[in-house]
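First comes the structure, then the notes that go with it.
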Amino acid sequence: MTTTPAPLPPPPHPSSSIDLNLNLDLDLVTPPKPPKPEPLHYPLSPPPPPLQSLPPLNATSTTSTPDEEALFAEYFRLASLYLSSNPNSSSSSSSQALIPFPFPPSPSSLNLQTQQPPIKKRKPRSSDMVRVSSLTVRDQIYFRDQVRRARITFESLRLQITHNQLKAEMLGLVEHQKNTRSDLKASALMADRELWMNRDKRIIGSIPGISIGDCFFFRMELCVLGLHGQVQAGIDYVRAGQSASGEPVATSIIVSGGYEDDDDKGDVLIYTGHGGRDPNLHKHCVDQKLEGGNLALERSMAYGIEIRVIRGIRTRNSIVGKVYFYDGLYKVVDYWLDKGKSGFGVYKYKMLRIEGQEEMGTVNCRMAENLKVNPLGVRPVGYLSVDLSMGREAVNILLFNDIDDDRDPLHFEYLPRPIFPASAVQGKFANGGGGCECTGNCTIGCACAERNGGEFAYDAGGTLLRGKPLVYECGPYCNCPVTCPNRVSQKGLRTHLEVFRSRETGWGVRSLDLIRAGTFVCEFSGIVLTKQQSEIVVANSGECLVYPNQLPPRWIDWGDISDVLPDYTVADFPPQPDINFSIDVSRARNVACYLSHSCSPNVFVQFVLYDHYNPGYPHLMVFAMENIPPMRELSIDYGMVEEVVGKLTNE
């Protein structure tokens, strides 16, 4: 990987044309022309630090923005409340501790109150502008893993904070609080450990490890990753006082429908500058000025600097009602002062998307919604089946191939659930001492909670809080209703999926829905064989078998917050089962069998029991490792040699 300083060149002559096909390997030149600095090389051996550090923010700095001051003021308030609380004393309902959860946690619970770092003063982000180029495949995988690590930490913290708050409210330890900002608290905890990324350099253009189409549910996550550094403002920029040229430079914008004069046509965007709005009516009440972010966009146009564009769209899948997609790089090609719809002057910026980039996430999202309703209308050619499962799943599974004549998935019987050998799930394994006796939805203290180590594996919305060696769900031997929050993966497929033919991976699977990190996707299905049966099948026919004990324990990664809590330990209860069976997918299989192999996967397998209690024969449930946008391929780590993976996915 090579990073090159990105100083500003002199503005081009007004008559010069602007090249929209930006070559990201070209260095920007600065006036007056000093000796050009040598490119900075970050070798991969040893690799860069796991997460780039966040320099402290000087609370008295005159260069901090009101948004940053508001964010850190909230952080300092929460941190002060935390430090003033005594985690060893019993807490009343009026306690204002950061995580008011005083009772002794079970072995599987996470204590976010231990070993908090001291409060540090913070200073603004670095103004050193660089552009990252010449990324090798190894670089791309490395930085993608670092971004995923940061995102898992953020989401796991957020989930635990919300879950502990709800649990404390349920037990009457604290009063109910509306609009609890778990995203603010999670980001503040990460800031304490200097886990905010890309703060030591201001990256112009693409951020290593972040792909076009990536989706985010919280603006604070954009700040944590350095994709957009403003908590509320739509324009992120380097201020004039920090810029080497003494002029502001814009780096990214968020388009979320907040300005009535915006005109968004995708590749062509008319973006309205900031300022002049009434905070309550969301309409302009005074003329905008060419200053701050508005001036920064004009200067970026003059210097030909590309802008990262993030779009926020309304969605039913988001608990906050909006999801943000990174849609790639644009260039400002024109700007003017215009009279807005409210009658006041507004600055407008015409932005064109740079050619040659991947499809925008918002475009894929709209296409996926249309495919769920009318696939043949969207793609008249290529569909081999509009439901590969033949009605055996709750939702249709599309089968698409516009590359060659391969129709292989149609030759297998579709099996939505695995078939276990009778000897493994009957007799003493049938009831396992009986299920829970809850008459309503299960709560802490029921038999199934005890099987899971004292609390359930899922939050109230069905999201896996953290990976475990084994998860017990309530099942047919339990008295609780089907609405019990401890019944998640057993309900089967709920995500609209498409099996498709790819030139790179053979047969693969992509989602038509936006999949949230930590949520259930599908189950891995086939004919389950005992160890003895597996040996016979291999000896006689050599059919392709999948061995669950060869799957790497990727569940360890989900929920890992060791970057924040040094005393965090991997869950060890329920204990890791001894698994010796195999799954024969040579005759019958389901959609999960077409998941592509990857050493940097976005889904993982979690072992689950619910219909029997033999830990040696768990269900292989597939969960999302990260937020997966529509039309993105799902990938899993099989831990298998390429020849076996090729047989499984029919490459």
Side-chain angles (χ1 to χ4, degrees), residues 1-4 6 21-27 39-52 130-154 195-216 221-222 224-228 251-252 306 308-310 325-329 353-361 364 502-506 508 510 517 552 554 557 563 595-604 624-629 631-639 642 645:
M1 180 198 72
T2 301
T3 62
T4 59
N21 299 305
L22 182 66
N23 185 343
L24 298 185
D25 289 328
L26 296 180
D27 300 332
L40 301 178
H41 296 276
Y42 290 156
L44 288 178
S45 181
L51 290 174
Q52 300 178 43
V130 299
R131 176 181 284 106
V132 179
S133 59
S134 304
L135 287 177
T136 66
V137 173
R138 187 183 177 192
D139 292 333
Q140 294 172 9
I141 294 175
Y142 173 80
F143 284 109
R144 186 67 179 177
D145 286 343
Q146 301 316 304
V147 168
R148 181 180 290 116
R149 171 72 256 155
R151 299 189 70 180
I152 287 176
T153 300
F154 173 83
L195 296 177
W196 283 31
M197 301 183 70
N198 303 311
R199 300 282 291 194
D200 54 348
K201 297 291 182 183
R202 191 72 69 94
I203 296 180
I204 301 296
S206 301
I207 303 287
I210 299 180
S211 302
I212 294 176
D214 282 352
C215 53
F216 311 88
E221 188 176 9
L222 304 177
V224 169
L225 300 179
L227 185 62
H228 186 82
T251 57
S252 63
E306 63 272 28
R308 295 187 295 271
V309 172
I310 302 106
F325 288 94
Y326 171 49
D327 274 349
L329 302 177
R353 192 168 190 259
I354 296 173
E355 297 178 358
Q357 302 182 84
E358 297 179 10
E359 193 65 83
M360 291 183 288
N364 284 333
S502 168
R503 298 187 188 279
E504 292 78 22
T505 60
R510 56 194 171 202
R554 290 283 183 174
D557 296 333
D563 290 335
L595 293 173
S596 299
H597 170 74
S598 174
C599 60
S600 183
N602 54 19
V603 299
F604 66 97
M625 182 80 75
E626 60 184 46
N627 294 336
I628 304 175
M631 306 304 293
R632 177 164 294 176
E633 183 170 3
L634 309 184
S635 60
I636 194 169
D637 186 356
Y638 286 104
E642 293 182 1
V645 175

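Note: hydrogens, waters and symmetry copies are ignored here, and every other heavy atom, side chains too, is used.
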Worksheet item: Do any N or O atoms from the side chain of Asn364 and from the backbone of Gly361 form a donor-acceptor pair under 3.5 angstrom?
Response: no
Discussion item. Rounded to the nearest 0.5 Å, what separates atom CG in Leu634 from atom OG in Ser598?
Written reply: 11.5 Å
Worksheet entry | Pair Arg131 + Glu306: basic N to acidic O under 4.0 Å | yes
Fill in: Validation row: Leu222, Ile310 side chains within 4.5 angstrom (heavy atoms)
yes
Item to complete: Heavy atoms only: give me the nearest Ser252-His228 pair and the separation to one decimal.
Response: OG-ND1, 2.7 Å
Practice prompt. List the steps and the verdict of side-chain contact (heavy atoms from CB on, under 4.5 Å) for Leu225 and Phe216.
Written response: CA-CA 11 Å; Leu225 300 179; Phe216 311 88; 3.5 Å; yes
Item to complete: Just jot down the side chain to side chain contact (heavy atoms under 4.5 Å, CB included) partners of Gln140, sequence neighbours excluded, or say none.
Response: Leu135
Worksheet entry | With sequence neighbours excluded, residues passing salt bridge (Lys or Arg N to Asp or Glu O under 4.0 Å) with Asp214 | Arg144, Arg632
Worksheet item: Any luck finding a side-chain donor-acceptor pair between Glu633 and Ser502 under 3.5 Å?
Response: no
Worksheet item: Does Arg202 have any side-chain hydrogen bond (donor to acceptor under 3.5 Å, both in side chains) partners at least two apart in sequence or in another chain, and if so, which?
Response: none
Worksheet entry | Any donor-acceptor pair under 3.5 Å from Asp637 side chain to Pro601 backbone | no
Worksheet, complete the sentence: All heavy atoms of Asp557 vs all of Arg149, minimum pair found to be O-NH1, 4.1 Å
Discussion item. Any non-hydrogen side-chain atom of Ile203 less than 4.5 Å from a side-chain atom of Pro208?
Written reply: yes
Item to complete: Could you check if a side-chain atom of Arg353 sits within less than 4.5 angstrom of a side-chain atom of Met360, using non-hydrogen atoms only?
Response: yes
Worksheet item: Within a strict 4.5 Å, meaning less than it, do heavy atoms of the Val147 and Met197 side chains meet?
Response: yes
Response to the item:
Ile141 and Ser600 have their tightest heavy-atom pair at CG2-CB, 4.3 Å
Discussion item. Tell me the closest heavy-atom pair linking Leu595 and Tyr638, and the distance in Å.
Written reply: O-OH, 2.6 Å
Practice prompt. Determine the minimum heavy-atom distance between Asn198 and Ile207, stating which atoms define it.
Written response: ND2-CG2, 3.4 Å
Worksheet item: Looking at residues at least two apart in the chain, or sitting in another chain, which of them share a side-chain hydrogen bond (donor to acceptor under 3.5 Å, both in side chains) with Glu221?
Response: Arg151
Worksheet item: With Arg510, which residues qualify under salt bridge (Lys or Arg N to Asp or Glu O under 4.0 Å), at least two apart?
Response: Glu498
Response to the item:
Sorted by chain and residue number, the side-chain hydrogen bond (donor to acceptor under 3.5 Å, both in side chains) partners of Thr251 (sequence neighbours excluded) come out as none
Discussion item. What's the separation between atom CG in Asp139 and atom OG in Ser133, rounded to the nearest 0.5 Å?
Written reply: 10.5 Å
Worksheet item: Has the side chain of Thr505 got a donor or acceptor atom that lies under 3.5 Å from a matching backbone atom of Gly508?
Response: no
Practice prompt. Indicate yes or no: at least one non-hydrogen side-chain atom of Tyr326 is less than 4.5 angstrom from one of Arg308.
Written response: yes
Practice prompt. Kindly indicate whether the side chain of Leu329, heavy atoms from C-beta on, has any atom under 4.5 Å from the side chain of Val309.
Written response: no
Worksheet item: Are the side chain of Asn602 and the backbone N or O of Ser635 linked by a donor-acceptor pair below 3.5 Å?
Response: yes
